[in-house]
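Residues: numbered from 1 along the sequence shown.
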Amino acid sequence: MKISGHRIDPSEIEEVLTSYSGIVESAAVSIPDELTGESVCIFCVLNNANITNQTKSSIKKDLEKLLISRIGKFLLPKAIYFVNDLPKNRSGKILRRLMRKKLLDIKISKDDLLLVENPESLGSFSIIKS
């Protein structure tokens, strides 16, 4: 990803996010942005799915502060989504490309879905938002 002239790998962002005690796993996806070239959207799986919206809002602020302190202010995410599961292939690799398509409202083909071990996860993050 290249955000505001800074090149960063999604795994660097995900490593910072998963260092937070309430996050089980995460994924960082870039989307086009007129001002910065690309901007980042973050998906997090919480270790406790039954938390309140107020708690999610607090976690979101904590994650933003954590990213700014460890990486920099340029990385302030456009959105943070709390999801039940991340789409993965059979070997467990997170399918960021499909997540990006879903965010940009691009149709996901049946051929794309053949790779997904848990296709129901693609529907979950459009609903659970913070």
Side-chain angles (χ1 to χ4, degrees):
M1 298 183 207
K2 191 170 183 180
I3 302 166
S4 297
H6 301 270
R7 193 163 291 285
I8 187 160
D9 190 79
S11 64
E12 293 176 73
I13 299 166
E14 293 160 5
E15 184 179 326
V16 171
L17 294 169
T18 53
S19 72
Y20 187 81
S21 63
I23 305 295
V24 176
E25 64 181 343
S26 62
V29 178
S30 66
I31 58 170
D33 186 279
E34 287 183 23
L35 185 61
T36 60
E38 288 183 306
S39 95
V40 67
C41 290
I42 295 170
F43 297 88
C44 297
V45 178
L46 299 171
N47 62 1
N48 181 2
N50 300 321
I51 61 173
T52 65
N53 283 336
Q54 184 177 7
T55 306
K56 286 181 184 179
S57 179
S58 173
I59 291 171
K60 180 181 175 182
K61 288 177 186 171
D62 289 347
L63 292 175
E64 288 173 347
K65 287 178 190 174
L66 186 63
L67 286 167
I68 289 169
S69 70
R70 294 238 189 119
I71 298 175
K73 193 165 185 166
F74 74 92
L75 191 65
L76 198 61
K78 189 165 197 111
I80 297 177
Y81 300 92
F82 296 103
V83 298
N84 295 326
D85 200 10
L86 299 172
K88 299 175 187 162
N89 65 14
R90 286 176 180 75
S91 65
K93 183 179 178 207
I94 297 170
L95 299 169
R96 292 182 193 89
R97 179 178 53 85
L98 296 182
M99 296 170 76
R100 185 178 301 109
K101 280 186 170 185
K102 185 79 172 172
L103 272 177
L104 297 174
D105 205 24
I106 298 171
K107 185 173 169 44
I108 297 173
S109 72
K110 289 182 181 181
D111 290 340
D112 285 335
L113 290 176
L114 292 174
L115 303 172
V116 184
E117 183 70 20
N118 54 346
E120 67 282 353
S121 65
L122 284 167
S124 70
F125 68 78
S126 61
I127 301 164
I128 306 170
K129 220 168 145 172
S130 176

For D9, is the CG atom crowded, meaning more than 12 foreign heavy atoms sit under 6.0 Å from it? yes
Would you compute the distance between atom NZ of K61 and atom CD1 of I59 and round it to the nearest 0.5 angstrom? 12.5 Å
Rounded at 0.5 Å granularity, tell me how far CG in L76 sits from OG in S39. 9.5 Å
Any side-chain heavy atom of V29 sitting closer than 4.5 Å to one from P10? no
For the atom pair OH (Y20) and SG (C44), what is the distance rounded to the nearest 0.5 Å? 10.0 Å
Taking atom CD1 of I80 and atom NZ of K56, what is their separation to the nearest 0.5 Å? 12.5 Å
Set out, in order, the CA-CA distance, both residues' side-chain angles and the distance that settles salt bridge (Lys or Arg N to Asp or Glu O under 4.0 Å) for E25 and K88, then state yes or no. CA-CA 12 Å; E25 64 181 343; K88 299 175 187 162; 2.9 Å; yes
Let me know which of I13, D33, I31 forms a side-chain contact (heavy atoms from CB on, under 4.5 Å) with V40. I13
Any side-chain heavy atom of V45 sitting closer than 4.5 Å to one from I23? no
Could you tell me whether the side chain of L67 reaches within less than 4.5 Å of the side chain of I42, counting heavy atoms only? yes
Please name the pair of heavy atoms, one in S19 and one in R70, separated by the smallest distance, quoted to 0.1 Å. OG-NH1, 3.1 Å
For a 4.5 angstrom cut-off between non-hydrogen side-chain atoms, does F43 reach L103? yes
Mind checking side-chain hydrogen bond (donor to acceptor under 3.5 Å, both in side chains) for E12 and listing every partner two or more places apart, or none if nothing turns up? none
Measuring from E117:CD to D85:CG, what's the distance to the nearest 0.5 Å? 10.5 Å
If you measure from CD1 on I8 to CD on E38, what distance do you get to the nearest 0.5 Å? 11.5 Å
K73 and I68 have their tightest heavy-atom pair at CA-CG1, 4.0 Å
Distance-minimising heavy-atom pair for S21 and N47: O-ND2, 3.4 Å
With F74 via ring pair (Phe, Tyr, Trp, His ring centres under 6.0 Å) - residues at least two apart: H6
Mind listing the closest non-hydrogen atom pair of V16 and L66 along with its distance? O-CD2, 3.4 Å
Of all heavy-atom pairs linking R96 and A28, the shortest is CD-O, 3.3 Å
Could you report the tightest heavy-atom contact between M99 and I94, atom names first, then the distance? SD-CG2, 3.9 Å
How would you list, by chain and number, every residue that makes a side-chain hydrogen bond (donor to acceptor under 3.5 Å, both in side chains) with K2, sequence neighbours excluded? none
Other residues, nucleotides, ligands: >12 heavy atoms within 6.0 Å of E15 CD: no
